[in-house]
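Because the structure is predicted, anything quoted here is derived from the model rather than measured. Computation of the quantities below employed the complete heavy-atom set of this structure, encompassing side-chain atoms and omitting hydrogens, waters and symmetry-equivalent molecules. Ligands are counted one by one from 1 in listed order, and the atoms in each one are counted from 1 as well.
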Amino acid sequence: MTADDGAQPLRSAQAAGRSGTLWSGRLEAAPAEELMAFTASLPYDRRLAGDDIAASHAHVRGLVRVGLLSEEDGDAVAGALEAAAAELASGDFVFAPGDEDIHTAVERRVTELAGAAGARLHTARSRNDQVACDLRLFVKRELLATGRGVLDLQQVLAGRAEEAGCARLPAYTHQQRAQPVLLAHHLLAHCWALARDLDRLIDAYRRADVSPLGAGAGAGTSLPIDPDATAADLGFAARFENSLDAVSDRDFVAESLFTLALLGVHLSRLGEEIVWWASAEVGFLRLDDAWATGSSMMPQKKNPDVAELARGRSGRLIGNLVGLLATLKGLPLAYNRDLQEDKPPLFDSLAQMQGALAALSGLLDTAAFDTARMAAAADDPLLAATDLAEVLVGRGVPFRRAHERIAGAVRAALAGEGDFADLAAAEVGPEALDILRPGGTLARRTSPGGGGPAAVAVQRERFAARLAADAARLNVLDK
Ligand code: ARG
């Protein structure tokens, strides 16, 4: 490296002049190009433009209400905000080299458009409360959009469960066939996990629903603002209680990322099951051609890439959560620039999740279940062993003893000493034959929440009610 090369950043910074940053009154030199390149968040936080403008409108209305801004100046700034919003929407907004983030860009443009009045926009506000406010508005909306994606997937799964009628398949433990259950029961199991995810999304929403606007840089302000009023104006349920906390709290981002990560883990498990079910070895499910992929080399292939990526992306969702927690863990109060690192993982997890929900919904809506293959697997007589033991229990045999007697029949059958049905009938009597007919165990599986038809009928109704209630909860929040 020559001396010349080393001097270059400084020279280019000087060439950029002193204008263009919000702090040019304080620092003599313009920022180095490399500083701007390293610290700017504009490349990704321009996604917050709409929320930044909305929050600024509320801030301006608040300033007018308390007399910090004249009606006339308020109108001028609001007009400039609207013009900037239109430019951003149409793509005509020209970003300047000094625009390090979306807040800077909007304020600069408003000041260009509204002149002297524009210079009053940032009264009693810091980017520290501003960015937290924008991000909370964004998170609230995106959590609801994600919640709607969850509802859609639940509706698809519940619809398939309805269609599945009395189709049966084995329930598995240790990936070994365990006991027959209804296909509807299996599909609804995923629905209930998703219902907890939806609950967590709504819970995260509630804690995001607090306005930090008015916390200023972190200590509040000497100017007579009314944060309760701006909170209400922006549709927040409450305002912050502590200004230091307000500008440094990113719990709402971490909670959103956790909720998305766990939802991602659920989709990953569903994806793994689809991959397994679609394999030639299992053959419980055939993908619609529009939801399958082929191989560039092997002409015969039909691959479940959507399900694999639902499984694979969950790693990224977990990484985004862990990354943010690591960013937050050492931060002293209050605002630190590290907090800017909250946005890329948040934006990524939301986008990945919304894509995964839509793709899995489409895949599951169009896939065909091979219920004959499922039934053949479910009708393996050995899967009735527990029910056979339970018949003995019904006659007063202690369960441990009943288990031993049926296990003896299983062992003998596997050792080639006879047919399991005959061996079981020898232990249980003719009732064994009723249990061993195809689907025979299911009618007996009557315990509440279990996998037989009577219990599943109740479950279907309860889930439909839950789905309707959750849809209503989302609608209330989305008012
Ligand atoms: N781009 C910043 C962020 O995302 C905005 C806040 C900047 N505040 C500051 N004191 N430099 O966090």
Give me the nearest non-hydrogen protein atom to [atom] as residue plus atom name, then the distance to 0.1 Å.
atom                    : result
atom 8 (N) of ligand 1  : N128 OD1, 3.0 Å
atom 3 (C) of ligand 1  : Y335 OH, 3.3 Å
atom 11 (N) of ligand 1 : R127 NH2, 3.6 Å

Can you list the atoms of ligand 1 that are under 4.0 Å from a heavy atom of [X]?
X    : result
S41  : 1 (N)
K343 : 3 (C), 4 (O), 12 (O)
D101 : 1 (N), 2 (C), 5 (C)

Salt-bridge criterion met for [X] and [Y] (N-O under 4.0 Å):
X    : Y    : value
D289 : K302 : yes
E112 : R108 : yes
R109 : D99  : no
R127 : E100 : yes

- Message: Less than 4.5 Å apart, side chain to side chain, heavy atoms only: is that true for L63 and R120?
- Response: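 Answer no - side chains too far apart.
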- Query: Does I274 reach the side chain of L364, with side-chain heavy atoms less than 4.5 Å apart?
  - Reply: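 The answer is yes, as the side chains (C-beta and beyond) meet within the 4.5 Å cut-off.
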- Task: Please indicate whether any nitrogen or oxygen in Q340 is less than 3.5 Å from any nitrogen or oxygen in ligand 1.
- Result: yes
- So is R250 polar-close to ligand 1, meaning N/O to N/O under 3.5 Å? no
